[in-house]
**Student:** 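To start, I am sharing the structure in question, which I have written as structure tokens.
Every chain is numbered from 1 and lettered A, B, ... according to where its sequence line falls, protein lines coming before strand lines.
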2 protein chains.
Amino acid sequence: MDYANVAERREQPPALAVSTVIFALREDGNVGRKTLWLPLVRRTREPFKGRWALPGGPLGARQSLQDAAAANLLATTGLVPQYLEQLYAFGGLDRSPSRRVVSIVYWALVRGDGPAPGGAGPGGALREDPNVAWYRAEDPAVLADLAFDHRQIVEYALWRLRNKVEYGSIAHRLLGERFTLAQVREVYEAVLGRALDPANFRRQLRGTPDIEATDEFLQGGKHRPPRLYRYTGDTTPAATGPPLPQHPAQAAPPRQASHPEHHPALHETDTP
Amino acid sequence: MDYANVAERREQPPALAVSTVIFALREDGNVGRKTLWLPLVRRTREPFKGRWALPGGPLGARQSLQDAAAANLLATTGLVPQYLEQLYAFGGLDRSPSRRVVSIVYWALVRGDGPAPGGAGPGGALREDPNVAWYRAEDPAVLADLAFDHRQIVEYALWRLRNKVEYGSIAHRLLGERFTLAQVREVYEAVLGRALDPANFRRQLRGTPDIEATDEFLQGGKHRPPRLYRYTGDTTPAATGPPLPQHPAQAAPPRQASHPEHHPALHETDTP
DNA sequence: GGAATAGTGTCTCTGAGACATTATGAA
DNA sequence: TTCATAATGTCTCAGAGACACTATTCC
């Protein structure tokens, strides 16, 4: 045994936190198309004071993991998630320069094509917190300046979103109650980053039973008014347990494996 | 604010644990085919004393999450994982009747068509722990008797495995260095639970560049000796950490607005 | 009518599954 | 020779993509 580092043996256990990557769809002033945006929170303390970070906080003693994620989503944006799913548990030793923190991260989709270009952002007219701001989720400059390992976290969340939208009915959670097929296609194009054939896309969507045609049409356009559709499937805002539905997406790339050497003391299975 | 429950405010924070669902492939005496097995640990204390549970334990202060998973895998089976991936973080309030525990669960694949029918199991010749035993992973009776919420955890792990094997090259991690195509097919059939057409399966496998034919043949069979193949892809024993994103994406979609309600207390972003 | 988008029809290509056929070694 | 499995070939069908074509509205 190694008793060299006595201080190490006295360390407090890793802290537990819950953070959330929140995506909304929003008109991009520069590009003129819709892009993915996310709210960030400016840190007011060290470490990374002044930098932008994902909203998050400690896990309340009487809070489920998902409740904690929804809670800091509400606190940050004033919004309720249309979709909420656990992303990953990040537990690296050096995530924070101070105390070790294990973060269980969720990702969420919210509606809201809100106002406030430089300010509150989607749905944020009510809020005037200078320490909260919305940014383009795929802006490299934004990602590069994030605190902690939040850049990796956001990039992984984007990857998950893309793989989820590929086969799932996720798009309507970024849209309103009624939508045109072209709007759904725009969501897919925004997330996947490529143009889709309108005719084939329409055929696919009409094949899914959860998208139902209404007898309304979107007026006010310059040309022929498109029919409005609505989503008739499950609209529970959050996915509770582990996600059992649908198909797989992609395999996870490897990173490294560290294997201990001998099997020292026997397993102590005193915890679930 | 509600200061009613003073005891609640004194509660210690949730404990953090890491558990692992370990799968191996093994000949089933009754059925004559290979099936999935997993090692369980008998609890020696309350709660659930005497019941079987997943191997696990607290997270060491100087241990990454995957190290902790690999460590209790080694302690339980004496084996090193051929594959290791984070499964999910379980944090329900009532998982344990005593203190609240948040478990970060990994799932693993190990090789070993080991000995010891009722005993140590795959690769377990070295160990003689009466509190460790291997069981059929899909045996309802086994699942029904597990401690805590481990039944749900194993079922979710099985679901992940099935979805992973569908398109990934996972099978070779349950096999040895060289294998026949029929063996790979057996793995798929065991995991997916259905028979596969040998001809079509062969065609698909030969299409993947990571499976390479050797000039050896498996001798000793009763009939025509099948050719041996080997895996030439990535063999890092563990795939941990989130997958790294690949492509960028763009945005451009619909129009809609939803307005939020109120915004309670402000976020406290003091943790990653 | 012209422009632009909504919406339909049709062709091809590809991959999966069903299944017939040939090859080869052991008993 | 017979048997069982290895290995290959062929047919069909369904879904995805490419793309031509019609429909409807505003200007």
**Student:** Which residues pass the side-chain contact (heavy atoms from CB on, under 4.5 Å) test with B/Q219, not counting sequence neighbours?
**Tutor:** B/F217, B/P225
**Student:** Could I get the full list of side-chain contact (heavy atoms from CB on, under 4.5 Å) partners for A/T214, not counting sequence neighbours?
**Tutor:** A/R178, A/E216, A/L228, A/R230
**Student:** How would you list, by chain and number, every residue that makes a side-chain contact (heavy atoms from CB on, under 4.5 Å) with A/D149, sequence neighbours excluded?
**Tutor:** A/F90, A/R95, A/Q152, A/I153
**Student:** Atom CZ of B/R206 to atom P of D/dA6: distance rounded to whole Å?
**Tutor:**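 Roughly 14 Å, once rounded to whole Å.
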**Student:** Expressed in angstrom and rounded to an integer, what is the separation of B/L181 atom CG from D/dT8 atom C1'?
**Tutor:**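 Answer to the nearest Å: 13 Å.
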**Student:** Between atom CD in B/E216 and atom P in D/dA6, what is the gap in whole Å?
**Tutor:**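 Atom-to-atom, B/E216 to D/dA6, this comes out as 17 Å.
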**Student:** Could you list the residues that satisfy salt bridge (Lys or Arg N to Asp or Glu O under 4.0 Å) with B/E186, not counting sequence neighbours?
**Tutor:** none
**Student:** Classify every nucleotide of nucleotides 17-27 of chain D by which part a protein heavy atom approaches to under 4.0 Å, writing B for the base, S for the sugar-phosphate alone and - for neither, in 5'-to-3' order.
**Tutor:** BBB---BBBS-
**Student:** Mind checking which nucleotides bracket the chain A contacts on DNA chain C, 5' to 3', with an atom under 4.0 Å from a heavy atom?
**Tutor:**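 Listed 5' to 3', the contact boundaries are C/dA3 to C/dT10.
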**Student:** Over 60° means perpendicular and under 30° means parallel, so tell me whether A/Y231 and A/H172 are parallel, tilted or perpendicular.
**Tutor:** parallel
**Student:** Residues two or more places apart in sequence or in another chain: which of them pass salt bridge (Lys or Arg N to Asp or Glu O under 4.0 Å) with B/R151?
**Tutor:**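 If we apply the salt bridge (Lys or Arg N to Asp or Glu O under 4.0 Å) test to B/R151, skipping adjacent residues, the hits are B/E155.
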**Student:** With sequence neighbours excluded, what pairs up with A/R202 under the salt bridge (Lys or Arg N to Asp or Glu O under 4.0 Å) test?
**Tutor:** none
**Student:** Among all residues two or more places apart in sequence or in another chain, which pass the side-chain contact (heavy atoms from CB on, under 4.5 Å) test with A/A195?
**Tutor:** A/E189
